[in-house]
Participant: 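Please read through the structure below; I'll follow up with questions.
Not measured: the values here are computed from a predicted model. Note on naming: letters A, B, ... go to the chains in the order of the sequence lines (proteins, then strands), and numbering restarts at 1 for each one.
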Number of protein chains: 2
Amino acid sequence: MSMRTHWEGDAFDPECPTRIVLDRVGDKWTVLIVDVLDGGPKRFNEIRLAIGGITPKVLTSTLRSLVADGLVDREVFAEVPPRVEYSLTDLGRSLQEPVAALRRWAEANVAAITGNRDRHAEAGQADRA
Amino acid sequence: MSMRTHWEGDAFDPECPTRIVLDRVGDKWTVLIVDVLDGGPKRFNEIRLAIGGITPKVLTSTLRSLVADGLVDREVFAEVPPRVEYSLTDLGRSLQEPVAALRRWAEANVAAITGNRDRHAEAGQADRA
DNA sequence: CCGTATCCCTCCCGATACTG
DNA sequence: CAGTATCGGGAGGGATACGG
């Protein structure tokens, strides 16, 4: 068993770090949840209402996977009524940096992309006419 | 019709820039293709062989969408046999920066994530036992 | 060489209803 | 409050074979 400090090619390998992180961060709700939790610990329904449009089932499963990956902590308080708090781990917080970089690029360039998309779609229409 | 220079909330909106870019870059082959093309213009089968494991159909559709988004250029040469070259646009090249940031984070932290995943899976086994 | 055309299958996600 | 149970649609992607 060898320890590897750097990734050498094989980018299509399912174990490629970039692939794993892209799958993790590319799903529909992860970035939103991490963003909400960046404002401090939150309870289940706080997160749900802060995001809006997410069903309990999906929020549960996404939170579970985030906990499994060590990006989020889940703490249960023995109270009545029951209280559960979710918070970012250091690892989860550190993820905000590259995501912010992507966000900046997105805000700067999304207009170009959608513009190209629309123009391309129009061209397709014209071809059929 | 108003022009917006900055994104204000509504992150769950399908038009959220980060969402759009995440969908674009999060698909299975985009990053690999852009990476290959970063080494200079390439022909269809060059890309296909460089990546490996991608079927012609999927490569075609991914390339088409990249062209539609203005990240890749497609140039046809009127030769026999026919030659088609794909290359990155400036926009496509600029995408490499945030992707590189994500890649660096991935290489630095993927071991932690997969370690957490494995430990979590084992714990699940133990619970059932 | 550069793709298209079909078929199919899996996984993500959503709607709805219910529970400790 | 904090979830679970069940059902199902739809998009992305793969296998295989064929066309310009």
Participant: Which nucleotide wins on minimum distance to the side chain of B:V58, given the candidates C:dC13, D:dA2, D:dG13?
Facilitator: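 Among the listed nucleotides, the one closest to the side chain of B:V58 is D:dG13.
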Participant: What distance separates A:R24 CZ from A:L22 CG, expressed to the nearest 0.5 Å?
Facilitator: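 One gets 12.0 Å once the value is rounded to the nearest 0.5 Å.
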Participant: Does a side-chain N or O from B:R64 land closer than 4.0 Å to OP1 or OP2 of C:dC2, or not?
Facilitator: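 False: B:R64 side-chain N/O out of range (4.0 Å or more) of C:dC2 OP1/OP2.
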Participant: Got B:W29 and B:L59 here, is their nearest side-chain heavy-atom distance under 4.5 Å?
Facilitator: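 In short, these two side chains do not touch, never coming nearer than 4.5 Å.
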Participant: On DNA chain C, nearest-nucleotide positions of A:P56 versus B:P81: which is more 5'?
Facilitator: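 Of the two residues, B:P81 wins.
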Participant: Nearest 0.5 Å, please: how far is CZ in A:R43 from CG in A:L49?
Facilitator: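 If we round to the nearest 0.5 Å, A:L49:CG and A:R43:CZ are 11.5 Å apart.
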Participant: Is A:R74 close enough to D:dG3 that one of its side-chain N or O atoms is under 4.0 Å from OP1 or OP2 there?
Facilitator: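 True: A:R74 side-chain N/O within range (under 4.0 Å) of D:dG3 OP1/OP2.
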Participant: Please give, in whole Å, the distance from C:dC2 P to B:L63 CG?
Facilitator: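 Result: 11 Å.
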Participant: Mind calculating the distance between CZ (A:R24) and P (C:dC12) to the nearest angstrom?
Facilitator: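 Atom-to-atom, A:R24 to C:dC12, this comes out as 11 Å.
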Participant: What integer distance in Å separates A:L22:CG from D:dG13:C1'?
Facilitator: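 Going from CG in A:L22 over to C1' in D:dG13 covers 16 Å.
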Participant: Can you check the A:D23 CG to D:dG12 P distance for me, whole Å?
Facilitator: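 So the CG-P distance, A:D23 to D:dG12, works out to 15 Å.
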Participant: Nearest whole angstrom, please: distance from the P of D:dA2 to the CD of A:E85.
Facilitator: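 It is 9 Å, rounded to the nearest whole Å.
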Participant: Using atom CD of B:E75 as one end and atom P of C:dG3 as the other, report the distance to the nearest whole Å.
Facilitator: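 The answer, rounded to whole Å, is 13 Å.
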Participant: Restricting to non-hydrogen atoms, name the atom on A:R19 and the atom on B:K28 that form the minimum distance, rounded to 0.1 Å.
Facilitator: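 Minimum heavy-atom contact is NH1-O, 3.4 Å.
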Participant: Would you say a side-chain N or O of B:Y86 is under 4.0 Å from OP1 or OP2 of C:dG3?
Facilitator: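 Result: yes.
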Participant: Taking all heavy atoms of B:R48 and all of B:I54, pick out the closest pair and write down the distance.
Facilitator: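 For B:R48 versus B:I54, the nearest heavy atoms are CG-O, 3.8 Å.
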Participant: Roughly how many Å is it from NZ in A:K28 to P in D:dG12, rounded to a whole number?
Facilitator: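 After rounding, the reported distance stands at 12 Å.
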Participant: Is any side-chain heavy atom of B:V25 closer than 4.5 Å to one of B:V99?
Facilitator: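 Side-chain contact under 4.5 Å: yes.
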Participant: Taking the nucleotide of DNA chain D with the closest heavy atom to each, which residue, A:S61 or B:G26, is nearer the 5' end?
Facilitator: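 Taking each residue's closest nucleotide, the earlier one in sequence belongs to A:S61.
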Participant: Would you kindly check whether a donor in the side chain of B:K57 faces an acceptor in the base of C:dG3, or vice versa, at under 3.5 angstrom?
Facilitator: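 When only heavy-atom distances are counted, B:K57 does not reach the base of C:dG3 through any donor-acceptor pair under 3.5 Å.
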Participant: Give the minimum heavy-atom separation between A:G92 and A:V34, together with the two atoms involved.
Facilitator: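 Here A:G92 and A:V34 meet closest at O-CG1, 4.1 Å.
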Participant: Tell me: CG of B:L59 to C1' of C:dC2, nearest whole Å?
Facilitator: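 Taking atom C1' of C:dC2 as the reference, CG of B:L59 is at 10 Å.
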Participant: Under 4.0 Å, heavy atom to any atom of DNA chain C: which of residues 41-49 of chain B qualify?
Facilitator: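 Residues of residues 41-49 of chain B that come under 4.0 Å of DNA chain C are, in numerical order, B:R43, B:F44, B:N45.
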